[in-house]
Number of protein chains: 2
Amino acid sequence: MPWDPYDRNCPSRRLLDRIGDRWTVLIVGILAEEGPIRFGELARRVDGISQKMLTQTLRNLERDGLVRRTLYPQVPRRVEYELTDSGTSLRGPLRALEEWAVEHMGPVSAAQAAYDEASA
Amino acid sequence: MPWDPYDRNCPSRRLLDRIGDRWTVLIVGILAEEGPIRFGELARRVDGISQKMLTQTLRNLERDGLVRRTLYPQVPRRVEYELTDSGTSLRGPLRALEEWAVEHMGPVSAAQAAYDEASA
DNA sequence: CGGGATCCAAAATGATACTG
DNA sequence: CAGTATCATTTTGGATCCCG
């Protein structure tokens, strides 16, 4: 069975890899909270992202069926992004990780300080 | 409050970034299942990793207090790695993500095929 | 406004050789 | 065995220009 997330070539593994990239977690989080949102507004909400990476990340999410892109044919044009049901289902696991990170930040920082101290 | 995982400079965010790197998830998973494990054995279990990245990833995990490194002063020497309590607590959230990935792999692959088809 | 295309700098990773 | 050090390569991301 090729469903082992520990196998680097397994599709589920590749899915995880992409979700773990620099921007996906941020963008999914914002889409989950802000509902449908325009491209430009999203760019402002994601601190420090370049337009290229925003486009690229959104394209990937769209291709994976996690985000829906809606084009309103106006001039100037208007494009809105929102999570699909599939994308929404990712929110839970992601939040669990975020909460873990927030909870363990203190101990981790302390451990780092101790480690650096010991090796100094 | 500087604990917002959406802020790229927040410590919790940086913690997430490192956990999301290419190897950490794999290694934590294996350590969780295999208990204390030697360096060489770990290298064989993590498919495709270079020795350099294994060392680097383990060092980071150790510095964060998520992994404990034990050196047995023999010749040739023997080093074992295992999760700390803190590291073990990461396993739950990580598994939730892995399970999500396995569950959604099918729909995602289908969405990708449809997307590629449409743009062909 | 929402991108696509291109070029370039930087960061991550791999390969290889060496060591206590 | 379990690394360290160094160099080569691949991958990413940012800057810029252009277009409907």
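Note on naming: letters A, B, ... go to the chains in the order of the sequence lines (proteins, then strands), and numbering restarts at 1 for each one. Note that the coordinates shown come from a computational prediction; the quantities given were computed from them, not determined experimentally.
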Check: Between atom CD1 in A:Ile37 and atom C1' in C:dC1, what is the gap in whole Å?
Finding: 15 Å
Notebook entry, point to check: Roughly, in whole Å, what's the span from CH2 in A:Trp23 to P in D:dT11?
Noted result: 21 Å
Notebook entry, point to check: What's the verdict on side-chain contact (heavy atoms from CB on, under 4.5 Å) for A:Glu62 and B:Tyr115, showing C-alpha distance, side-chain angles and the deciding distance?
Noted result: CA-CA 8 Å; A:Glu62 189 193 355; B:Tyr115 184 95; 3.8 Å; yes
Next item on the list: Write down the distance between CD1 (B:Ile49) and P (C:dG14), rounded to a whole number of angstrom.
Entry: 7 Å
Next item on the list: Round to a whole Å and report the spacing from CG of B:Leu54 to C1' of D:dA2.
Entry: 10 Å
Next item on the list: Would you mind building the protein contact string for nucleotides 2-12 of chain C? One character per nucleotide, 5' to 3', B for base within reach (heavy atoms under 4.0 Å), S for sugar-phosphate only, - for untouched.
Entry: SBB--------
Notebook entry, point to check: Does atom CZ of A:Arg78 have more than 12 heavy-atom neighbours from other groups under 6.0 Å away?
Noted result: yes
Item checked: Main-chain N/O of A:Trp23 paired to A:Thr57 side chain as donor or acceptor, under 3.5 Å -> no
Check: So does A:Arg68 pair up with A:Glu82, basic N to acidic O under 4.0 Å?
Finding: yes
Check: Which heavy atom in B:Ser12 sits nearest to a heavy atom in A:Met105, and how many Å separate them?
Finding: N-SD, 3.0 Å
Next item on the list: Would you give the length of the straight line joining atom CG of A:Asp85 to atom CG of A:Leu66, rounded to the nearest 0.5 angstrom?
Entry: 11.0 Å
